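See structure below.
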Amino acid sequence: MTTTAPAPTGENCPACSNPVVALEWSETPWCPSCRWGLDHYDPATVPWRGSRWLGRFGYAKAFRLDDELRSTLAADPAAAGRRSRAELVLVGISALIVLASLACFVGAVLVWRTDWLIPVRFGVFVVLVLLGAFLRPRFTRVPRRDLLREGGAPNLRELVRRIADEVGTPAPDLVVISPDTLNLAVVRTGVRGRPVLVIGLPLWLMLSPAMRQAVLAHELGHLVNRDPLRNSLTGPAQRIFADAVEWTGGRHPWRRLGRDLDRADQSGLGVMVVRFLLALANTVFATIQLAIDAVIMPDHRRAEYAADLVARDVAGTAATVAALDRLNVLGELTDGLVHDVVTRGPADWLVLADRRSALLADRRELLRQATRRSVDLWVTHPPSGMRASLVESLPDVPGSLPVDAELFARIDTELGLWYDESHKAILGAREFLG
Ligand SMILES: [Zn+2]
Ligand SMILES: [Zn+2]
């Protein structure tokens, strides 16, 4: 998400008379001084959710939730680790989906054994098997290509182990080093939900060692903070209806139907009825998925803030806030990087990012506020500006793990070939962008 700096609109705030600002593509201004208008829904900046009413609801809800979580967690950081009922609901829905899948397969076998007419038997059998296959649990696969081999990059593994020790979780033994994934992440894979740490090199290379520790601690923090999106038992509920939306034609079913209607004379009435039913099913699935996501997201938001508090404990306030502020302007930083890669190699990317961030420093608070303009209930991450200001509102701490500069130097040496790959990948993207 690119956060272009908001610009003054030339008007003044009705509440405090200071100048108001707006994002480039938006006509809904807000006041940076008293925050008037910051909570006004703007369909131009928030992802479209099918209707204006729903969009406004999702924006208002998320806005309130972020304010509430920030003040709750600032007063009582321990509240971050508490479990809510949403996770249980999702595990329940997931169990029902898995049972339904099993029931389809059992039903298929039973139907096959009946003495119904062969074509009927065959038809019902095929439908049940397909439905059973569609509903079966699916697991995230690790991209083999970038998976670190066992014993590979021992210094990086040592760093991950030290941070995991501080966080209080076993270090993930599956590590993916990706030359072209922008961010860092922790995902779960397989039936047992083994954690996989994904290190996206472009961001990694734009972070100082202290910030890298903060981001790693944040990701490993997800393994101890009951994040529903990282619980494999909630997987089926999270995915199945979104998959169903794709299977019934993807997003905007009615717009598509309208286009088809324009050409209706070419296709018969029967085809149009099927298309109408598909669009209807699509809308129902999309609504169910939005409802499920609305149940998960408050917990997931809390988990993001909780992971930031883990980062603060391990890497300290300054490094965590600096890393979050870097995420705030990631759009600008990557745009700049794409421009610079022709003449500057990975060893310079941190200096370049530092320089660009310094240029944006005087607009830091404004940029933080701007991150709230594009986030609603269904966006997986709370606004990075809110996250930075939560960490800042807590007492300053130095962090429990000091930066070991020598270790980081060894890591940079051992990852040298990967860094070159990342350089090539971004040069490639640049060609692609023209
Ligand atoms: Zn104002
Ligand atoms: Zn996170």
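All ligand and atom numbering here is 1-based and tracks the order in the structure. Note that this is a predicted model, so its numbers are computed, not measured.
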For E414, is there an ion pair with R410 - N to carboxylate O distance below 4.0 angstrom?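 Salt bridge between R410 and E414, a charged N being under 4.0 Å from a carboxylate O: no.
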Electrostatic pair D39:R372 at N-O distance under 4.0 angstrom: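 No, D39 and R372 are not salt-bridged.
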Tell me which N, O or S atom of H218 sits nearest to the Zn ion (ligand 2).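 Result: NE2.
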Count the heavy atoms belonging to other residues, nucleotides or ligands that lie under 6.0 Å from NE2 of H40, then report whether that count exceeds 12.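 More than 12 within 6.0 Å, yes.
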Check step by step if side chain to side chain donor-acceptor pair (under 3.5 Å) holds for W254 and T283. CA-CA 9 Å; W254 300 106; T283 307; 2.8 Å; yes
Considering all heavy atoms, the nearest P29-T9 contact: CB-CG2, 4.2 Å
If you look at every heavy atom in L223 and P195, which pair is closest and at what distance?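 In this case the closest contact between L223 and P195 is CD2-CB, 3.7 Å.
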What protein N/O/S atoms lie closer than 2.8 Å to the Zn ion (ligand 1)?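 Only C13 SG, C16 SG, C31 SG, C34 SG fall inside 2.8 Å of the Zn ion (ligand 1).
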State which residues pass ring pair (Phe, Tyr, Trp, His ring centres under 6.0 Å) with F134; sequence neighbours excluded, sorted by chain then number. W247
Would you say the Zn ion (ligand 2) has E304 as a near neighbour, meaning an N/O/S atom of that residue under 2.8 Å away? yes
For the Zn ion (ligand 2), does an N/O/S atom of H381 lie at less than 2.8 Å?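 No, outside the cut-off.
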